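All values below were derived from every heavy atom in this structure, side-chain atoms included, with hydrogens, water molecules and symmetry-related copies excluded. In this text the structure is predicted, and so the values were computed from the model without any measurement.
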Amino acid sequence: MLLEECRVFDAAFEQLREHAETLTPYGTAFRYPGEAEDPESAEAKEAVRLAEVVLDFMRTRIPDDKGKNIHE
């Protein structure tokens, strides 16, 4: 849902679609203890890697308090 909202303002967010689809379940599945099995180590590492890609992308899009993108 957030991806769709972001795409309204910047079509470049589309490149995060696969990452978002992979990461979305982590936002709920592991929120509460005992509700889901912990992911395998490789799966968790991949999720962290994808989250880092998304974070890096976001840093190029979000301006700092001076109006410059964080990575400029």
- Query: Can you tell me how far the CG atom of Leu50 sits from the CG atom of Leu16, to the nearest 0.5 Å?
  - Reply: 10.0 Å
- Message: Please find the pair of heavy atoms, one from Leu3 and one from Ala20, that lie closest to each other, and give the distance.
- Response: CD2-CB, 4.4 Å
- Query: Atom SG in Cys6, atom CD in Glu14: separation rounded to 0.5 Å?
  - Reply: 11.5 Å
- Can you run down the ring-ring contact (aromatic ring centres under 6.0 Å, His included) pairs that involve residues 7-26, sequence neighbours left out, and say none if there aren't any? Phe13-Phe57, Tyr26-Phe30
- Query: To the nearest 0.5 Å, what is the distance between CG (Asp10) and CD (Gln15)?
  - Reply: 8.5 Å
- Query: side chain to side chain donor-acceptor pair (under 3.5 Å) with Glu46: which residues, sequence neighbours excluded?
  - Reply: Arg49
- Query: Does atom CD of Glu40 have more than 12 heavy-atom neighbours from other groups under 6.0 Å away?
  - Reply: no
- Contacts of Glu4 meeting salt bridge (Lys or Arg N to Asp or Glu O under 4.0 Å) (sequence neighbours excluded), chain-then-number -> Arg7, Arg17
